[in-house]
**Q** 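Once you've had a glance at the structure underneath, I'll fire off some questions.
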Amino acid sequence: MLEFTQIQEMLLTLLPLWNYRIAKPFKQLLDEGISLEMYYCIKTLQWGGGIMTMSELAEYTVMQKQQMTQMVNRLVEQELVERIYDHSNRRIIKIQLTDKATEYTDRFLEHDAGCFRPFLEELDEKSIADFKKGLALLIEVFTRISCTGHDKPDSDVVTLMKENSAL
């Protein structure tokens with residue numbers, strides 16, 4: 001139990017540092033009208049092969065279906081996704097990325113993600129190597145656990161995420 005308390009303290013120490021050094025600069029770079037959650041949905045769709053059902057996307061992003069509907073509406077308005085209706089079952093609606101979404105994330109990675117450069121430039125070579133190892137380890141640990149309430153990790157998206165990451 002003491003170890004859990006120590007881990008909780010470490011997480012509570014990390015969160016504000018992560019927020020100010022990583023999350024906040026990232027959020028400021030998103031285009032007008034695109035929220036962090038919208039960006040996460042786009043990335044999740046990319047990891048899932050560019051198309052998922054509304055239910056799958058809601059499950060993988062740990063979002064209620066009502067919230068997902070609002071999110072998808074905003075993504076459709078921005079022309080980042082489109083709804084694909086299943087003609088054999090009208091209850092099934094798939095969400096598919098558009099070329100505009102792919103162009104957006106590619107451009108973002110290439111140009112805007114440079115916001116992390118000043119932070120990384122503060123680190124010496126050993127610290128950079130340690131940070132990279134730490135990130136890889138965090139990704140590995142997080143992909144071993146489920147965030148959707150299931151007993152097993154979300155293996156399809158986890159596999160695709162690993163295949164598409166720079167690990």
Side-chain angles (χ1 to χ4, degrees), residues 11 14-15 18-120 132 135-167:
L11 284 169
L14 174 63
L15 287 175
W18 187 270
N19 182 56
Y20 294 123
R21 292 291 204 145
I22 306 295
K24 193 173 181 178
F26 174 77
K27 288 181 210 177
Q28 291 173 343
L29 292 173
L30 293 171
D31 285 355
E32 184 72 30
I34 298 180
S35 68
L36 190 57
E37 291 78 16
M38 291 168 74
Y39 183 83
Y40 291 160
C41 284
I42 292 168
K43 291 304 291 182
T44 302
L45 280 164
Q46 284 181 328
W47 294 327
I51 189 167
M52 291 182 176
T53 65
M54 286 280 282
S55 297
E56 289 169 332
L57 187 56
E59 183 177 343
Y60 290 129
T61 57
V62 193
M63 206 178 276
Q64 294 179 354
K65 288 182 185 178
Q66 298 87 344
Q67 288 177 292
M68 181 53 60
T69 299
Q70 292 173 352
M71 178 73 59
V72 168
N73 287 342
R74 291 177 24 220
L75 288 165
V76 168
E77 287 171 13
Q78 295 282 336
E79 299 176 355
L80 297 167
V81 300
E82 59 188 4
R83 288 183 175 91
I84 308 294
Y85 296 91
D86 187 327
H87 299 294
S88 63
N89 185 344
R90 292 183 4 200
R91 292 176 295 177
I92 297 175
I93 300 170
K94 292 188 178 183
I95 306 306
Q96 182 173 351
L97 287 177
T98 63
D99 290 340
K100 182 178 176 180
T102 304
E103 290 166 9
Y104 175 75
T105 57
D106 289 349
R107 180 182 48 82
F108 193 86
L109 178 62
E110 193 168 316
H111 298 288
D112 297 329
C115 70
F116 302 127
R117 189 167 303 278
F119 162 70
L120 295 171
K132 185 177 176 183
L135 289 174
L137 184 58
L138 280 172
I139 291 168
E140 179 63 34
V141 169
F142 276 98
T143 57
R144 276 191 247 142
I145 57 175
S146 172
C147 61
T148 60
H150 294 172
D151 293 335
K152 62 182 179 63
D154 308 312
S155 58
D156 296 342
V157 169
V158 166
T159 301
L160 290 163
M161 186 178 86
K162 285 181 180 179
E163 289 172 0
N164 291 299
S165 73
L167 298 179

**Q** Kindly indicate whether the side chain of Tyr40, heavy atoms from C-beta on, has any atom under 4.5 Å from the side chain of Thr61.
**A** no
**Q** Tell me whether Lys100 contacts the main-chain N or O of Gln78 through its side chain, where contact means a donor paired with an acceptor under 3.5 Å.
**A** yes
**Q** State which residues pass salt bridge (charged side-chain N to carboxylate O under 4.0 Å, His left out) with Arg107; sequence neighbours excluded, sorted by chain then number.
**A** Asp31, Asp112
**Q** For atom CZ of Phe119, decide whether the heavy atoms of other residues, nucleotides or ligands shown that lie under 6.0 angstrom number more than 12.
**A** yes
**Q** Using a cut-off of 6.0 Å, state whether more than 12 heavy atoms not belonging to Lys43 lie near its atom NZ.
**A** yes
**Q** Quick one: do Asn73 and Arg83 satisfy side-chain contact (heavy atoms from CB on, under 4.5 Å)? Show the steps, please.
**A** CA-CA 9 Å; Asn73 287 342; Arg83 288 183 175 91; 2.3 Å; yes
**Q** May I ask you to decide if Ile93's main-chain N or O and Thr53's side chain share a donor-acceptor pair within less than 3.5 Å?
**A** no
**Q** Could you give the distance from CE (Met54) to OG1 (Thr69), rounded to the nearest 0.5 Å?
**A** 3.5 Å
**Q** Please determine whether side-chain contact (heavy atoms from CB on, under 4.5 Å) holds for the pair Met71 and Leu57, giving the CA-CA distance in whole Å, both sets of side-chain angles, and the decisive distance to 0.1 Å.
**A** CA-CA 11 Å; Met71 178 73 59; Leu57 187 56; over 6 Å; no
**Q** If I take atom CE from residue Met38 and atom CD from residue Glu77, how far apart are they, to the nearest 0.5 angstrom?
**A** 8.0 Å
**Q** Do you know which two heavy atoms are closest between Phe116 and Ile22, and how far apart they sit?
**A** CE2-O, 3.5 Å
**Q** Nearest 0.5 Å, what's the CD1-CD1 distance between Ile42 and Ile95?
**A** 12.5 Å
**Q** Do the rings of Tyr39 and Phe26 sit parallel, tilted or perpendicular, given the 30° and 60° boundaries?
**A** perpendicular
**Q** Checking Thr98 side chain against Glu79 main chain: does a donor-acceptor pair fall under 3.5 Å?
**A** yes
**Q** As an exercise, state the distance from CD1 of Ile51 to CD of Glu56, rounded to the nearest 0.5 Å.
**A** 9.5 Å
**Q** To the nearest 0.5 Å, what is the distance between CD (Gln67) and CD (Glu37)?
**A** 9.0 Å
**Q** Locate the shortest heavy-atom distance separating Leu75 from Cys41; write the atom from each residue and the value.
**A** CD1-CB, 4.0 Å
**Q** What is the distance from atom CG of Asp99 to atom CG of Leu80, rounded to the nearest 0.5 Å?
**A** 11.5 Å
